[in-house]
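Below: the structure, in structure tokens.
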Amino acid sequence: MDPELRVAAAAFPPDDLSDIAAARRRNREFEESVRPDTAGQLLDVHDLSADGVPIRVYAPAGPPRRRPVLVWFHGGAFVLGGLATDDPRCSRLAVHADALVVAVDYRLAPEHPAPAALEDCYRALTWVAGHLALLGGCVRRLAVAGASAGGGLAAGTALLARDRGGPPIVFQHLLYPALDDRLLTRSSRESAGVPVFDSNSAVAMWRHYLAGQPATPYLAPARMADLAGLPPAYLVTAEHDPLRDEGIEYATRLLAAGVACELHVVPGAFHAFDTFAPNAAVSRNADLEYGRVLSDAFRIAGGVPEPMPAGA
């Protein structure tokens with residue numbers, strides 16, 4: 001394991017999801033400990049409702065212009081988190097990619113099992129796409145992104161948009177995504193006891209989310225037979241992560257289906273390393289790369305940010 005991450009790992013044993021209330025309490029305490037000072041990052045942050053789904057918009061300061069829009073779905077094993085979960089990451093992405101970042105507060109399991117979270121994500125995406133003028137976004141540069149469970153939701157939302165004729169998505173940014181409920185890969189079987197999120201966490205995550213129902217290919221995107229026609233992707237996995245191999249397989253299948261995909265397997269890292277050890281060199285490097293990748297994707301999709309029309 002990366003030496004800096006090894007030091008951090010001691011404070012983050014794999015999460016016990018057998019007691020949801022206790023897990024949520026620990027998660028809230030962690031969120032409070034890392035909440036950023038967005039004012040120091042020249043951001044305007046405000047909350048809205050997207051057709052009943054709470055969202056938080058992070059807008060870079062400066063002259064009004066049509067910026068790219070990144071719709072972000074937080075992690076938390078489908079049972080944890082909310083609008084504040086990824087405040088630090090969303091703030092940095094907005095600044096580094098010079099984009100509007102829209103975080104989505106989808107409903108959580110087990111109170112709201114699948115497909116509630118996925119349908120909330122898709123509803124928020126369609127609302128954002130229909131209100132780009134209000135938000136100051138550019139219709140040619142709309143992307144989805146997420147980490148962990150949120151990465152799986154981003155992949156599922158991209159599939160729904162393709163198959164329902166939904167908003168045109170130009171990019172999917174998937175960080176160590178949860179893609180396969182079957183948990184048959186080597187990494188999913190042999191990652192017991194790794195920091196933050198291990199094999200047992202993965203089993204509990206899908207049990208809470210699916211609540212006994214069979215997974216559809218939209219809920220578990222690795223089950224989708226046809227991946228053609230999806231937007232280009234950037235996919236990150238970590239060496240010591242039970243979700244590592246399903247991410248690698250999904251990236252390989254995207255490429256085989258003719259979908260451009262950049263895959264990174266971060267050596268020496270555990271699941272969500274960049275969230276739980278943000279000051280480690282490997283995390284800082286990853287964070288800078290996320291901004292670069294998104295900037296490049298938006299540039300390719302639609303050019304430089306557009307000036308706002310007069311009177312907008």
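Under the 3.5 Å distance criterion, the side-chain polar atoms of R123 are matched with a main-chain donor or acceptor of D51. Using modelled atom types, no side-chain atom of E31 and backbone atom of A84 make a donor-acceptor pair closer than 3.5 Å. Between the side chain of E4 and the main chain of A281, a donor-acceptor pair closer than 3.5 Å is present. Using modelled atom types, no side-chain atom of S283 and backbone atom of N279 make a donor-acceptor pair closer than 3.5 Å. At least one donor-acceptor pair under 3.5 Å links the side chain of Q213 to the backbone N or O of L210. Looking only at distances, a side-chain donor or acceptor of E239 sits under 3.5 Å from a matching main-chain atom of G268. In this structure a side-chain-to-backbone donor-acceptor pair under 3.5 Å is missing from S191 to S199. Side chain of D105 to backbone of P54: no donor-acceptor contact under 3.5 angstrom is found.
Between S148 atom OG and D241 atom CG the span is 7.5 Å, to the nearest 0.5 Å. To the nearest 0.5 Å, the span separating CG on L159 from CG on L227 amounts to 6.5 Å. Atom CG of L254 sits about 12.0 Å away from atom CD of E249, to the nearest 0.5 Å. To the nearest 0.5 Å, atom CG of residue L80 and atom CG of residue N27 are 5.0 Å apart. Rounding to the nearest 0.5 angstrom, the gap separating the CG atom in D274 from the CZ atom in R92 is 7.5 Å. Taken from CG in L294 to NE2 in H173, the straight-line distance is 4.5 Å, to the nearest 0.5 Å.
The aromatic rings of F78 and W206 sit tilted, their planes meeting at an angle between 30° and 60°. The aromatic rings of F276 and F30 lie parallel to each other, with less than 30° between the two planes, well short of the 60° mark.
In this structure, R24 pairs ionically with E111, as a charged nitrogen and a carboxylate oxygen lie closer than 4.0 Å. D87 has a carboxylate O that lies under 4.0 Å from a charged side-chain N of R56, or vice versa, which qualifies the two as a salt bridge. Between D245 and R186 there is no salt bridge, since none of the side-chain N atoms of the basic residue sits less than 4.0 Å from a carboxylate O of the acidic one. Between E289 and R292, at least one side-chain N (NZ, or NE/NH1/NH2) sits under 4.0 Å from a carboxylate O, which counts as a salt bridge.
You'll find the side chain of L219 stays beyond 4.5 Å of the side chain of D181, heavy atoms only. Contact of the R223 side chain with the R182 side chain is registered, since non-hydrogen atoms from C-beta on lie closer than 4.5 Å. Between R26 and D15 the shortest side-chain heavy-atom distance falls below 4.5 Å. Put simply, the side chain of T275 reaches to within 4.5 Å of the side chain of R89, judged on heavy atoms. Using a 4.5 Å cut-off on side-chain heavy atoms (C-beta onward), P232 and F171 make contact. When side chains are defined from C-beta on, D287 does not count as touching P278, because their heavy atoms never get closer than 4.5 Å. For the pair T85 and W72, the minimum side-chain heavy-atom distance is 4.5 Å or more. Put simply, the side chain of P221 reaches to within 4.5 Å of the side chain of Y250, judged on heavy atoms.
Only one option out of R66, R299, R67 pairs with D98 in a salt bridge (Lys or Arg N to Asp or Glu O under 4.0 Å); it is R67. Just one residue in the list P167, P231, P68 forms a side-chain contact (heavy atoms from CB on, under 4.5 Å) with L142, and that residue is P167.
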Task: Verdict with reasoning, H264 to V293, per side-chain contact (heavy atoms from CB on, under 4.5 Å) - done: CA-CA 12 Å; H264 288 252; V293 165; 6.0 Å; no
Task: Verdict with reasoning, D2 to F273, per side-chain contact (heavy atoms from CB on, under 4.5 Å) - done: CA-CA 10 Å; D2 178 276; F273 66 97; over 6 Å; no
Task: Step-by-step side-chain contact (heavy atoms from CB on, under 4.5 Å) determination, E119 to Y106 - done: CA-CA 9 Å; E119 292 296 342; Y106 54 84; over 6 Å; no
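Taking all atoms of both residues into account, the shortest heavy-atom contact from G152 to L179 is CA-CD2, 4.2 Å. The heavy-atom pair separating G151 from P177 by the smallest distance is C-CB, 3.6 Å. Looking at every heavy atom in both residues, L108 comes nearest to G81 through CD1-O, 3.4 Å. Residues A158 and V144 share a closest heavy-atom pair of CB-CG2, 4.4 Å. Nearest heavy atom pair, residue L83 against residue A103, reads CD2-O, 3.7 Å. Closest heavy-atom contact between L243 and Y176: CD1-O, 3.7 Å.
With hydrophobic clusters built from ILVMFWY side chains whose heavy atoms lie under 4.5 angstrom apart, L184 does not share a cluster with I248. Connection of V265 to L175 is established within a shared hydrophobic cluster, with ILVMFWY side chains joined at heavy-atom distances below 4.5 Å, either directly or through further cluster members. Both V71 and W127 are assigned to one and the same hydrophobic cluster, defined by single-linkage of ILVMFWY side chains at heavy-atom distances under 4.5 Å. V7 and V196 are assigned to two separate hydrophobic clusters, defined by single-linkage of ILVMFWY side chains at heavy-atom distances under 4.5 Å. Hydrophobic cluster membership differs between V95 and L288, with clusters built from Ile, Leu, Val, Met, Phe, Trp and Tyr side chains linked at under 4.5 angstrom.
Within 6.0 Å of CZ in R25 there are 12 or fewer heavy atoms belonging to other residues, nucleotides or ligands.
For the pair R164 and Y122, the cation-pi test (distance below 6.0 Å, angle within 45°) is passed.
Residues Y290 and H96 keep their aromatic ring centres 6.0 Å or farther apart.
Y58 and D86 form no side-chain donor-acceptor contact under 3.5 Å, judged by distance and modelled atom types alone.
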